[in-house]
Amino acid sequence: MNCLADRFPARKVLAALFAAACILSALPARAAERVRLRVDDYQIDAFLTPRAHKLQANAKVKFTALEDVNVAVFELNNALRPTRVTDASGAVLSAERVTQDSTVRISLPAGLPKGQQTTLTFEYEGTLDSADDSPVPGLKLAYVAEDTTYLLYAGRWFPVSGYGTNRFTSTISVTLPAFLTAIGSGQISSGGAPPAPTTVAPPLITRSATGVTKTKIAPAGPGPSPALNLGFPTKTFTFTSTKSGFPGTIIAGQFQETKVQNVQVFFKPAHTGLALAYGETAQKEQEYFTTLYGPLGPTLRVVEIPDDTLPSGWAQDMALISSRNINEKTNYRLLANAIAHLWFGNSVSPATRNDWWIADGFSRYAEARYLENAAGESALNEAVKDMSVGALAYDTVPLSSLSKLDQWSPEFQALAMDKGGMVLHMLRWVLGDTKFDFVMKDFASAYAGKSANVDDLQKYAEKGQDEKLTWFFSQWLDSTGAPDFKQKYTVYRAQKGFRTVGEIQQDLDLFRMPVQLKIDTDGKTESQRIDVVGTNSPFVVETFGRPRRIVIDPDNKVLKNSGDLKQRTSILRGQALVQQGELSEALKEFQAALDVNHNSSLAHYRIAEVFFLQKNYQSAANSYRESLNGDGQPKWTEVWAHVQLGKIFDVTGQRERAINEYRQALQTNDNSQGALDEARKYLEKAYEKVKSDSN
């Protein structure tokens, strides 16, 4: 995801923090159980009653045992109640629901030997109307409603095994009111309704001595299914995916379709006027990624999703973007990240959770490459700075040990996305642009439709190299930390100019990387590549003009510590703590950022936001003033500080002073994340604090 945290007010991004790129990478807050089976194919018939928020479904799951198994375990959204599970012969099997880890455990009386395949049929139903039973606490990933239904693969609305690593094929039929349209992955057809699920007896709930809630699934009972008489005209959409990947995401609602070459844009009527621009941008991004990584399937569907779920996402053939991120200024970064996941995440997928950065990190760097292509090297450099912040904010666990972290935690997201992206950026520096692009395209082609791990990437990176790259991958994947470069040097007059003799110092004993030196002289600027090995690395530079300044790694080719990064990482950690409701700890992080730069407008602004959340309006106003008097970075802090001060004056009954702040906001002419729209709104009608206001 884009590093929104450093660029926009928290009121616009706290719900999105670490989610966008994440982009459908959610898992429950627990360690993953070892995967003992591989799902090969799904045949799913789902029936939606949007007015009642209800889903009823049959799911026929074909799977292969990866080892001898007596119990088959699948994840399933806790809001969905399994009513009957049968084997390939139609025999009813004993099943239990374990709510603590959102799983259903099916006993296999005869067992299933390693390598053998079988099929189970699940019948289940439930009400999907909130995030209360979501597999990711507090995040709504499956929702059935008349306005928009979204059934994200991450929402476990069907029985899932090996989330994000288990590739599968599928045929998914969705029956819903005829006035709605369903959008999904694969080939689409529509027609009459398939057979409906049967009605069963209610389950029996028991609680174990350890406090784990389990549900015994009762045998099926007689009687017609209510789904046979839904009470409204229906239409069935069938989505067939014959190539293994990660289908299983369904979006339904009233959409208007706009076509741009091979891109289909499905936006709500309110955003139809913006569909063409988003379609054209998506087409350009798809074409660019095709040149970098090779072709994918011809279909790309850009689909609008509501604001109460992820800010953006992806699924096979699909890029999802939330309503709040559809604006007149096309959000091409968010869109590029989602589209890049069709190459890395779907076409090439991580073999294990430790390899998850192959999806999120590769897509993050693909997004940065598109920025470079569209806006030049300066845009890439800004994206690299953003990635560096995320990479160092939680650099306590090696990238090769991601599975030790909760996959929905800020730590996991920052490492997988941002450090993963930085690893590719540094590999590009080590290999050179031409070799790097060849490696990435070769790798993407070789593992299209397959899972890959880090060893696979290293093998392709070493093709044609004179040396092994074990030192590189070990350093950046198996270790933590980044160098803090320092230098000392002496300039001597030489026969034809000047000789500079110096030393690069850093604090990591095992560190090894090529590093660029930029030497500013009285004449032209010189550049030299230096191999830094260990804590002290000597260098000698010959120049015609007298050196005035030497800069280590001026273009940020290497992940490194600096005062600016330490400040920004503290702010990023603070924002994550705000999202988690840990306001006191967040203030400590923001104060640490001020210790690095007391003049930081961003740090003062973040402190003001915390005080505003606490309704400590005097302290909030003081900090917003400090932000306005600070270094003015980033630029949006000015307009939003005026807007927030206006709110404070409205809340405290000082309307004239509030109007003055809103007018000053308008004078900035900076509409970052709708700041000017907000100011105009409160100029017309005073801001009123609401009970649930979280800014």
Side-chain angles (χ1 to χ4, degrees), residues 1-22 138 311 385-397 405-406 408-419 480 482 561-617 619-638 640-641 643-644 648 672-673 693-695:
M1 137 182 173
N2 307 334
C3 235
L4 299 174
D6 283 342
R7 296 185 290 142
F8 299 126
R11 68 178 299 279
K12 296 289 185 181
V13 301
L14 284 179
L17 193 60
F18 299 110
C22 25
K385 289 179 182 178
D386 286 347
M387 287 190 292
S388 297
V389 174
L392 295 176
Y394 300 101
D395 191 23
T396 57
V397 173
L405 300 172
D406 163 22
W408 195 238
S409 67
E411 294 88 344
F412 186 100
Q413 298 297 318
L415 288 174
M417 287 190 298
D418 292 322
K419 189 170 184 180
T480 61
N561 274 301
S562 67
D564 177 63
L565 279 178
K566 289 176 182 176
Q567 173 194 325
R568 293 176 69 185
T569 55
S570 291
I571 291 173
L572 189 62
R573 287 193 296 267
Q575 287 183 263
L577 289 166
V578 170
Q579 185 186 25
Q580 297 163 15
E582 302 288 342
L583 301 186
S584 296
E585 294 301 314
L587 282 174
K588 292 178 183 178
E589 290 289 351
F590 296 145
Q591 187 58 53
L594 281 181
D595 291 341
V596 176
N597 176 14
H598 187 70
N599 205 35
S600 169
S601 290
L602 182 59
H604 283 298
Y605 187 95
R606 295 307 186 201
I607 288 173
E609 286 184 314
V610 173
F611 287 139
F612 192 94
L613 286 170
Q614 295 174 329
K615 300 181 177 58
N616 184 347
Y617 296 123
S619 294
N622 293 342
S623 292
Y624 282 127
R625 294 293 187 199
E626 292 284 355
S627 179
L628 287 169
N629 293 327
D631 59 15
Q633 296 299 320
K635 187 176 181 297
W636 60 257
T637 53
E638 179 185 3
W640 275 103
V643 171
Q644 293 302 105
I648 290 172
S672 295
Q673 288 290 287
D693 188 2
S694 57
N695 190 30

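Every heavy atom of this structure was used, including side-chain atoms; hydrogens, water molecules and symmetry mates were not.
- Here D386 pairs with R568 in a salt bridge; the nearest charged N to carboxylate O distance falls below 4.0 Å.
- Using a distance-only test at 3.5 Å, with no hydrogens or angles considered, no donor-acceptor pair links the side chain of H604 to the main chain of L628.
- The structure places OG1 of T569 at 9.5 Å from OH of Y394, a figure rounded to the nearest 0.5 Å.
- Between the CD atom of E411 and the CG atom of D395 there is a distance of 11.5 Å, given to the nearest 0.5 Å.
- Contact detail for G574 and A586: the closest heavy-atom pair is O-CB, 3.4 Å.
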Walk me through it: do S600 and Q567 pass the test side chain to side chain contact (heavy atoms under 4.5 Å, CB included)?
CA-CA 9 Å; S600 169; Q567 173 194 325; 2.8 Å; yes

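- No donor-acceptor distance shorter than 3.5 angstrom exists from the side chain of S627 to the backbone of S623, with no hydrogens or angles considered.
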Before giving the answer on side chain to side chain contact (heavy atoms under 4.5 Å, CB included), spell out for F590 and V578 the whole-Å C-alpha distance, their side-chain angles and the decisive distance to 0.1 Å.
CA-CA 11 Å; F590 296 145; V578 170; 4.1 Å; yes

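- Counting heavy atoms from C-beta outward, L587 and F611 have side chains that approach closer than 4.5 Å.
- L602 places a side-chain heavy atom less than 4.5 Å from the side chain of P634.
- Between the side chain of W640 and the backbone N or O of Y605 there is no donor-acceptor pair closer than 3.5 Å.
- In this structure, the side chain of R606 does not engage the main chain of I571 through any donor-acceptor pair within 3.5 Å.
- Taking 4.5 Å as the limit, every side-chain heavy atom of T480 sits out of range of all side-chain heavy atoms of V397.
- Note that CD of Q644 and OG1 of T637 are 12.0 Å apart. Values are rounded to the nearest 0.5 Å.
- Within the 4.5 Å cutoff, no side-chain heavy atoms of Q633 are placed close to those of S601.
- N597 is listed as a side-chain neighbour of D631, based on a closest heavy-atom distance under 4.5 Å.
- At a threshold of 4.5 Å between non-hydrogen side-chain atoms, the residues F612 and I648 count as touching.
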Verify side chain to side chain contact (heavy atoms under 4.5 Å, CB included) between L415 and L405, making sure each step is shown before the conclusion.
CA-CA 10 Å; L415 288 174; L405 300 172; 3.8 Å; yes

